[in-house]
Enquirer: 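Could you have a look at this structure, given as structure tokens, before my questions?
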Amino acid sequence: MSNAYDPKEVEQKIYALWEKNKFFHAKTGTDKKKYSVVIPPPNVTGILHMGHALNNTIQDILVRYKRMQGFEVLWMPGTDHAGIATQNVVEKKLKAEKKRKEDLGREKFIENVWQWKEKYGSTIINQLKRLGCSCDWDRERFTMDEGLSNAVKEVFVDLYNRDLIYRGTYIINWCPRCRTALSDEEAEHMDIDGAFYHIKYPIIRKNQQGNPTKDDYVVVATTRPETMLGDVAICVNPKDKRYKHLKDAQEVTLPILNRKLKIIFDEEVDVEVGTGVLKVTPAHDPVDFELGKKYGLEEINVMNEDATINAIGGEFEGMDRFEAREAIINKLKQMGLFVKSEVHRHAVGHCYRCNTMVEPRLSPQWFVKMKPLAVPAIKAVEKDEINFYPKRWEKVYLNWMNNIRDWCISRQIWWGHRIPVYYCQNCYDDKDLTDNRRGVIVSKTKPEKCPECKGTDIKQEEDVLDTWFSSWLWPFSTMGWPQKTKELHEFYPTSMLATAQDIIFFWVARMIMAGYAFMGKAPFKDIYIHGIVRDDKGRKMSKSIGNIIDPLDIIDKFGTDALRFSIISITAQGQDIFLSEKKFEVGRNFANKLWNASRFVKMNLKEDVIGVSLEDLVKCGKLNSADRWIISRFYKTADEVSKYLETYKLNDAANRIYEFVWHEFCDWYLEMSKLTIEQKNTQVVLYNILEMSLRIMHPIMPFISEEIWQGLPKEEDAKISIMVSLWPKSKKKMKDTVIDKKMALIIEIIQTVRNIRANWKIEPVKFIDIAIKVTQDEEVDMIRDNQIYIKRLARVENITVSTTVEKPEHAGVAVIGDLELFVPLKGVIDIDREKLRLNDLIDELKKKLNLVSDRLEKGDFVNKAPEKIVNMEKERKNVLETEISGLEKNLAQL
RNA sequence: GGGCGCGUAGUUCAGUUGGUUAGAAUAUCUCGUUUACACCGAGGAGGUCAGAGGUUCGAGUCCUCUCGCGCCCACCA
């Protein structure tokens, strides 16, 4: 064992050991307890970022913890096919070869994507291994696998037959760059500085002669002037007095195209916005679309798939939407119809994959009716069948679910699950797209012939499904659904889902809906929502800002365990995590501390420590105070750590372990153990406490705990990995509050002496004498019994303890509860300084005493507060009073 | 426009159902002896718990308002 801990070689070696022995689905116990978690499948194009690292560390901690508790654990890893993202990646690659996907054709292109996936798709999986994830790698899944694809088809057909899937022509979010529809969730709203363009539309009055006069205009305000090419009407609020005169008008003229526009009156129009006049463009705006339906207006689409203007735009044909915007403004200016533009900040949807501004577009798409699916999913959370940790996310979830809108699931890309819908070319009328089922065959397999006309010319739908349409089935599709498999029987519903808040709507809510719709049960019981990883300024980590902290860099620099420990220790439930590289030093230092402590223990294990149980040692009552104390502390710690892990307070668990290992075990116990290190009992305690400490920290720091554990002596038939050892059980008899209190006092005495030494600048090497005045005889024995610790750790030569100790003539003085401690200071004393110090101390104590006395004099407190609290205060008052009188006496003597 | 979260030591954060003297880590200062560890040890200093009011015997914790910061949702063209 070398001096400093070097994680790199250790990690590789250890992971290989686990993989070789297939510990990932090993059972440590004989119980039938099952535990399964749902991994948020990372995007197959992705590389591990800090969010993944956090998410998977959380899952791995819980999985390892449960496995050590004897649960049979199932943690299925995998990736999703990330339709748009993956297609973009492969298209980019083709572009570098100066090819377009259209040149290859659909089949060839998909072949290309698969090749890409085979080559690069396991990057993130390998990175998860470096993170130490103990997933069941033999069961890795991919959303495009045959099994999962089968589940997707099954679900589509089922939902269609239940009337929960329909096709219709509506305004959807369209990404002109990816040239596909997006769901509402995939359009990310971002505030941008736009403008309100004020444009004059000429009014044509009834019975009007000649051209309109210069007053015959109505001013329309729009943020997207280019869509005016598709205007079919203008609309004002009937209550708006400013536009009363429009009731006498017949029509208005659309500038440039000179189309006649209807004038409609509808309460929907907000008088406050813009000029109060809304231009109605049913094919390019959702509000206008509704108005169009209401008033039977024509839908004029003026754009192509890539958001360039189409032939209807006349002279603007072929221009990009933003180019057209400018050109139209210029034209209007020439015509004298442009009034002004006003700065206007508003939220505009952007494609979540390529960040292109979304264009609302009228097109035929497939939708899932969400309201009926939401009903059981809402109830489940309301009735606490599913619990969010922290609970506040329930509100967010319920709010979204109660206002849920239909889900646009069709995508106009090639990579994904092709929609299992077939059209009979004979009887299907592709002009009538709204709810027309004639000639539409929805089937898992391609039908031989049309059931209506027996025609055999049948073509499959070109669109593919939203990637989330496969992800939302993950909890059961990965277990073999729709087959009735053993896994489903044993592991569904799963126990826990850990994820960040950003995919609650995308994924969590939909999984719950799918769980009820297809399994009749919730997919999981607990949802642990952790924060989002940000940089130390609170910004999301992103490539464009360049503030990414790469977990693999951190692993290289500090080690995986350091990464895991550090990030977990700062992840308070539900709070976002602000990271900087510095924060990983904590974990690295901790690993190093543990390593060195273990070296110390190992080099001192001279006796045969195997086969002696701590229980027996405790029972026979021959352990010295320090040995007995650390056992008690350990079991207390283990209980607390278990409690924290059960309630998803992983940071508390990590910090409790840190506190125990560093401060209780290393700082105090190891130092004390040096006094009796030659004794077998002490060695047995050292060994067992270290070994069990390794076990409770194993879920958080799997590599170093395993490495040290491997180097410890073991019984011959012992398990070969800490990973499958048992979690220390709570044992009441091993905890001892009396010894806890005694040692706490001894420790405080030591600290007090050290304090006085520092205060008086007593040479560190010098041994000194101390005297302690106690109030009870038992305390005399207690301190005498444990004086070796005081002598050693505070560098004390002689200790005088009794109830009658008098303060020596010149002495440093301290009060610990009801005992007084004196350090004779012959030769070094500075009386004035000590006087000042005592005075300050007395003042401080008096202030506290006053507060306590005031409270005790208050009738309300004595009468209304619980007796326990009142007694506590009374006791405190007594202690303060004795402290003060003692100090005053000392001061007088000085 | 609606909803949520956060303002605690120089800095980064903990603080369970209100209850003894508000805790860590890090930075800083002093010192450094000892059979693991300088990625270390000992000791010190550092807080009007954002502000104002209220409930209570008792508030960092509960309520109301104000100020500052962040996030999510939403078809105001």
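Proteins get letters first, then strands, A, B, ... in listed order; numbering begins at 1 in each.
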Enquirer: Is there a donor and acceptor pair closer than 3.5 Å between the side chain of A:Glu671 and the base of B:rA36?
Expert: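 For A:Glu671, whose side chain was compared with the base of B:rA36, there is a donor-acceptor pair (under 3.5 Å).
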
Enquirer: Less than 4.0 angstrom from a charged side-chain N to a carboxylate O is my criterion; do A:Arg321 and A:Glu226 meet it?
Expert: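 Salt bridge flag = no for A:Glu226 with A:Arg321.
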
Enquirer: What is the minimum heavy-atom distance between A:Asp285 and A:Ile171, and which atoms define it?
Expert: N-CD1, 3.5 Å

Enquirer: Base, sugar-phosphate, or nothing: which does A:Arg656 touch, judged by heavy atoms less than 4.0 Å apart?
Expert: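 The residue A:Arg656 makes no contact with any strand.
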
Enquirer: What pair of heavy atoms forms the shortest contact from A:Tyr197 to A:Thr223, and how long is it?
Expert: CE1-O, 3.9 Å

Enquirer: Can you spot which of A:Leu254, A:Val220, A:Val218, A:Ile199 makes a side chain to side chain contact (heavy atoms under 4.5 Å, CB included) with A:Lys279?
Expert: A:Val220

Enquirer: Once you apply a heavy-atom cut-off of 4.0 Å, does A:His344 come out as touching a base, just sugar-phosphate, or nothing?
Expert: sugar-phosphate

Enquirer: Hey, is the side chain of A:His663 poking within less than 4.0 Å of OP1 or OP2 on B:rA25, counting only N and O atoms?
Expert: yes

Enquirer: Over all strands shown, is A:Ile570 touching base, sugar-phosphate only, or nothing at heavy-atom distances under 4.0 angstrom?
Expert: nothing

Enquirer: Contact class for A:Val586 (heavy atom, under 4.0 Å): base, sugar-phosphate, or nothing?
Expert: sugar-phosphate

Enquirer: So, does the side chain of A:Lys593 form a donor-acceptor pair with the base of B:rC39 at under 3.5 Å?
Expert: no

Enquirer: For RNA chain B, whose closest nucleotide is more 5', that of A:Asn655 or that of A:Val852?
Expert: A:Asn655

Enquirer: What's the gap between B:rU48 and B:rG5 when it is taken at their P atoms, as a whole Å value?
Expert: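 After rounding to an integer number of Å, I get 27 Å for this pair.
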
Enquirer: Any base atoms under 4.0 Å from A:Trp668, or only sugar-phosphate, or nothing? Heavy atoms, all strands.
Expert: nothing

Enquirer: May I ask you to verify if any side-chain N or O of A:Asn589 is less than 4.0 angstrom from the OP1 or OP2 atom of B:rC40?
Expert: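 Yes, because at least one side-chain N or O of A:Asn589 sits under 4.0 Å from OP1 or OP2 of B:rC40.
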
Enquirer: Grab the N/O contacts between the protein and nucleotides 59-61 of chain B below 3.5 Å, and write none if there aren't any.
Expert:
none

Enquirer: For A:Phe861, is the NZ or CZ atom of A:Arg855 found under 6.0 angstrom from the centre of its six-membered ring and inside 45 degrees of the ring axis?
Expert: yes

Enquirer: Using Watson-Crick or G-U wobble pairs with both distances under 3.5 Å, give me RNA chain B in dot-bracket, 5' to 3', with [ ] for crossers and | for pairs to another strand.
Expert: (((((((..((((.....[...)))).(((((.......))))).....(((((..]....))))))))))))....

Enquirer: Can you tell me if A:Asn755 touches the phosphate of B:rG44, counting only side-chain N or O atoms and a distance under 4.0 Å to OP1 or OP2?
Expert: yes

Enquirer: If the test is ring pair (Phe, Tyr, Trp, His ring centres under 6.0 Å), which one of A:Phe565, A:Phe584, A:Trp595 qualifies with A:Phe590?
Expert: A:Phe565

Enquirer: It should be established whether A:Trp662 places a side-chain nitrogen or oxygen under 4.0 Å from OP1 or OP2 of nucleotide B:rG41.
Expert: yes

Enquirer: Between A:Gly274 and A:Lys674, which is nearer to the 5' end of RNA chain B once each is assigned its nearest nucleotide?
Expert: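 Closer to the 5' end of RNA chain B: A:Lys674.
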
Enquirer: Does any non-hydrogen side-chain atom of A:Leu278 lie less than 4.5 Å from one of A:Val236?
Expert: no

Enquirer: Does B:rG41 have OP1 or OP2 under 4.0 Å away from a side-chain N or O of A:Arg754?
Expert: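 False: A:Arg754 side-chain N/O out of range (4.0 Å or more) of B:rG41 OP1/OP2.
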
Enquirer: Check for me whether the distance between the ring centres of A:Tyr170 and A:Phe367 falls short of 6.0 Å.
Expert: yes

Enquirer: With a 4.0 Å cut-off on heavy atoms, is A:Ala591 in touch with a base, just the backbone sugar-phosphate, or nothing at all?
Expert: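 It contacts nothing in the nucleic acid.
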
Enquirer: Just checking A:Pro866: base, sugar-phosphate only, or nothing, at a heavy-atom cut-off of under 4.0 Å?
Expert: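 Contact class for A:Pro866: base.
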
Enquirer: With a 6.0 Å cut-off on the ring centroids, do A:Trp393 and A:Tyr397 count as close?
Expert: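 Aromatic pair excluded; centres sit 6.0 Å or further apart.
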
Enquirer: Would you indicate what A:Val269 reaches in the nucleic acid, counting non-hydrogen atoms under 4.0 angstrom: base, sugar-phosphate, or nothing?
Expert: base

Enquirer: Measuring to OP1 and OP2 of B:rC72, would you say a side-chain N or O of A:His189 lies under 4.0 angstrom away?
Expert: no

